[in-house]
Amino acid sequence: DTAVSQTPKYLVTQMGNDKSIKCEQNLGHDTMYWYKQDSKKFLKIMFSYNNKELIINETVPNRFSPKSPDKAHLNLHINSLELGDSAVYFCASSQDRLAGGPFLNEQFFGPGTRLTVL
Amino acid sequence: AQRVTQPEKLLSVFKGAPVELKCNYSYSGSPELFWYVQYSRQRLQLLLRHISRESIKGFTADLNKGETSFHLKKPFAQEEDSAMYYCALHGSSNTGKLIFGQGTTLQVKP
């Protein structure tokens, strides 16, 4: 199936640990994103990569480091996990807007990774 | 500053009743507005965008620049409409950055 996939689906870990979440899209899109959904369901963008280049970097602690080995993958590595990092992390992808195009292309979301820090 | 406000955290209606999910935005330029929906155990997906001016699953949304609103409406709610709805704004930065509202859970009771 063509889609945006994330692994793992659930991640439970202790404070202070380092963990990674992987994202892959096989839609041929140029841009990938990471979003954080907190316990109140508030969804906020963290990072965006276009053709492996970082284009959005919101005010996120530098313990969070995205890595894009190629344009189909955008992984999220988190160092020294804290309780407040517990959330659902969503990966998304979209095709570039055509030059001069009328509208932003739809973002396709992954299923989410529920991170619980104990 | 760019901001999207969805004042209702939960909206509960009976099947067949009209639905209006409110969305107000703050943006000085010409925004692009979207509604995304997340059904239970499914991914977040695009429902509609103001540019296309189409009706999806009976839902419509009109951009009102005077009131800076983009309310989502449906004349007759169905049980399968129960979901979390997010209003989102894209500004002119052309980075693809979406600013999401807090989300409204729509509960349609039988």
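What you see is a predicted model; the values in this text were computed from it and never measured. In what follows, chains are A, B, ... by sequence order, proteins preceding strands, each numbered from 1.
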Side-chain H-bond candidate by donor/acceptor type, E106(A) with Y36(B), under 3.5 Å: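 Note: E106(A) and Y36(B) side chains miss the donor-acceptor criterion.
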When clusters are formed by joining ILVMFWY residues with side-chain heavy atoms under 4.5 Å apart, either directly or through shared neighbours, do [X] and [Y] land in the same one?
{"X": "V117(A)", "Y": "F90(A)", "answer": "no"}
{"X": "L10(B)", "Y": "F14(B)", "answer": "no"}
{"X": "F59(B)", "Y": "Y25(B)", "answer": "yes"}

How about [atom1] on [X], more than 12 heavy atoms from neighbouring residues, nucleotides or ligands closer than 6.0 Å, or not?
{"X": "Y39(B)", "atom1": "OH", "value": "yes"}
{"X": "R3(B)", "atom1": "CZ", "value": "no"}
{"X": "E80(B)", "atom1": "CD", "value": "yes"}
{"X": "K109(B)", "atom1": "NZ", "value": "yes"}

Distance in Å, Q107(A) CD paired with L98(B) CG, rounded so as to fall on 0.5 Å steps: 4.0 Å
NZ on K44(A) to CD on Q102(B), rounded to 0.5 Å: 12.5 Å
Sub-4.5 Å side-chain heavy-atom contact between L43(A) and Y86(B): yes
Any Q38(B) side-chain heavy atom under 4.5 Å of K41(A) side chain: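 Side chain of Q38(B) against side chain of K41(A), heavy atoms only: no contact under 4.5 Å found.
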Aromatic centroids of F100(B) and Y35(A) separated by under 6.0 Å: yes
R41(B), Q42(B), R43(B) screened by side-chain contact (heavy atoms from CB on, under 4.5 Å) with P111(A), the one that passes: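 Only match with P111(A) under side-chain contact (heavy atoms from CB on, under 4.5 Å): R43(B).
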Which portion of I56(A) sits near chain B, non-hydrogen atoms under 4.5 angstrom: side chain
Winner by heavy-atom pair count (cut-off under 4.5 Å) against chain B, out of F108(A), F109(A), F42(A):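 With the most close heavy-atom pairs to chain B, the winner is F109(A).
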